Amino acid sequence: MKLVVVESPAKAKTINKYLGKDYEVLASYGHIRDLPSKNGSVEPENDFVMHYEVDSDSAKKFKPIVDAAKKADELILATDPDREGEAISWHVLEVLRAKKAIKDIPVRRVVFNAITKAEVTRAINNPRDIDMNLVDAQQARRALDYLVGFTLSPVLWRKLPGSRSAGRVQSVALRLICDREAEIEKFISQEYWDISADLDKKITARLTHVEGNKLDKFDIPNEKTAKDIEAKIKGQKLEVTNIEEKQALRNPKPPFITSTLQMEAARKLGFGAKRTMQVAQKLYEEGYITYMRTDGVYVAPEGIQSARSHIERAYGKNYLPQSPRSYQSKAKNSQEAHEAIRPADIAQTPEILSKKLDDDKARLYDLIWKRMVASQMNPAIFDQVAIDLQTQDKYAQFRANGSVVKFDGYRRVYEEGVDDGKEEEEKLLPKLDKGEVLDVKKLNPEQHFTEPPPRYSEASLVKKMEELGIGRPSTYASIISVLQDRDYVTLDKKRFIPE
DNA sequence: CAGTGAGCGAGCTTCCGCTTGACTT
């Protein structure tokens with residue numbers, strides 16, 4: 001019997017089916033040992049020696065692996081293909097050796113990026129050794145986090161009563177929130193004006209040039225300037241001087257990863273990060289979606305293929321690109337051990353599942369399914385028109401913009417939500433000719449004030465952390481909880497305010 | 001005499017990242 005060790009029990013079950021009777025696949029349930037939460041777990045004075053411990057919970061979960069190892073004639077370490085996964089393999093091996101659970105059997109390290117029969121088989125046939133460089137990188141990460149956190153936190157207890165913890169990730173996240181608050185406090189709102197004109201044929205144009213000079217945002221700083229300009233334009237007609245027509249394409253967004261799922265669920269469903277992850281976990285365990293803690297946008301070929309055939313069947317050839325779309329991860333430190341978050345089976349449409357799933361699950365699945373399908377569809381095409389108009393005395397120039405969806409493409413299925421903004425609206429402009437003259441029905445000078453940057457929401461903080469390479473998919477939600485549990489920040493109208 | 005409160009001292013907290021499941025709210 002060959003013993004295969006993976007991290008998650010759900011994966012173990014699936015892989016067991018693929019590999020058959022000669023193999024026994026067991027789960028480590030993540031890390032099996034860790035630095036105990038006390039002084040001296042890392043000794044900087046002693047070449048950074050690290051003292052790991054298997055706690056009683058881990059020991060219970062590890063027992064089946066120990067028992068199986070004793071009977072196995074080969075050990076296959078198939079933990080996740082990233083830094084933490086490599087270390088878990090090494091820890092498993094170390095503990096099995098320390099317990100003398102394995103003798104002289106071959107030990108192989110195997111990695112796969114998707115849980116499909118083809119990929120698992122390929123991986124099993126291409127074993128390698130444990131990559132000690134990767135393991136050491138993980139140990140350095142672990143030691144550093146321990147040393148930073150357990151050195152800084154006690155300093156805080158003494159110097160700042162009420163504070164409870166500090167760490168490589170949480171303190172930086174807190175700093176982001178505080179910096180933003182400082183920015184808001186010192187923000188000075190600035191007045192500016194713009195002028196638009198209501199024309200014949202229900203056209204609205206905005207003032208872009210005065211005396212041949214392009215207007216910048218603050219070029220009309222107050223009411224007096226606005227009224228002066230208005231007075232000079234009043235009574236004049238506008239002549240069409242230029243018409244620009246072009247087509248714009250918009251491509252779909254990549255399928256979800258943990259951070260983007262948390263953001264969209266917040267925008268569209270109002271879910272907090274924690275709730276999103278709990279619901280996603282259930283969907284994953286019940287086999288409806290792929291793994292939910294991931295920073296990879298890669299999709300297994302079978303996933304792409306089934307999305308493409310669904311698109312062709314449900315929406316027709318026009319919606320299907322010639323070749324599959326592929327996406328690349330933007331985050332620099334992404335490890336991409338798992339593929340994107342997508343439905344396990346595209347044929348299970350949200351309509352079918354909505355009858356089987358409870359409300360939260362159904363709504364999250366709906367997002368995931370649509371995002372995946374849309375990510376393989378054709379771009380949306382917009383017909384855009386820009387019309388320049390001039391006063392007869394050439395004092396002022398206006399522009400009217402129009403945008404019409406010519407082909408909805410992926411938007412037929414899914415459109416990403418927006419954060420603090422206005423949804424752009426569709427605006428149809430009537431056919432006009434160069435030289436045509438239009439009456440000005442009304443001039444609208446309008447006062448505006450610049451606004452401070454918004455406070456972070458859970459979603460925008462996660463996005464920022466990901467950009468900066470702080471925290472991991474498995475920890476975004478918990479870091480947010482820590483900041484609140486420690487009373488460092490509070491949520492007001494879903495925005496973080498430092499205490 | 002019983003209850004109250006000031007004053008003092010002892011003991012405790014903590015990191016990040018990988019997994020669920022057993023708890024409580």
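The structure presented is a predicted model; accordingly, all values stated were derived computationally and were not measured. Naming convention: chains lettered A, B, ... in sequence-line order (proteins, then strands); numbering from 1 in each chain. Note: hydrogens, waters and symmetry copies are ignored here, and every other heavy atom, side chains too, is used.
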**Q** Does the protein touch nucleotides 15-25 of chain B at the base, only the backbone, or not at all? Give it as B, S and - per nucleotide, heavy atoms under 4.0 Å.
**A** BBBBBB-----
**Q** Hey, is Lys282(A) close enough to Glu285(A) for a salt bridge, meaning N to O under 4.0 Å?
**A** no
**Q** Before accepting this row, confirm whether a basic side-chain N of the pair Arg342(A)/Glu302(A) lies closer than 4.0 Å to the acidic partner's carboxylate O.
**A** yes
**Q** Do Glu7(A) and Ser28(A) have a side chain donor and acceptor closer than 3.5 Å?
**A** no
**Q** Does the pair Glu84(A)/Arg472(A) count as a salt bridge with the N-to-O cut at 4.0 Å?
**A** no
**Q** Assign the ring pair Phe407(A) / Tyr319(A) to parallel, tilted or perpendicular, where the plane angle (0 to 90°) is split at 30° and 60°.
**A** tilted
**Q** Pull out every stem in DNA chain B, meaning runs of 3 or more consecutive Watson-Crick or G-U wobble pairs with both distances under 3.5 Å.
**A** none
**Q** Please determine, by modelled atom types, if Tyr291(A) and Gln281(A) share a side-chain donor-acceptor pair under 3.5 angstrom.
**A** no
**Q** With a 4.0 Å cut-off, would you call Asp22(A) and Lys2(A) a salt bridge?
**A** no
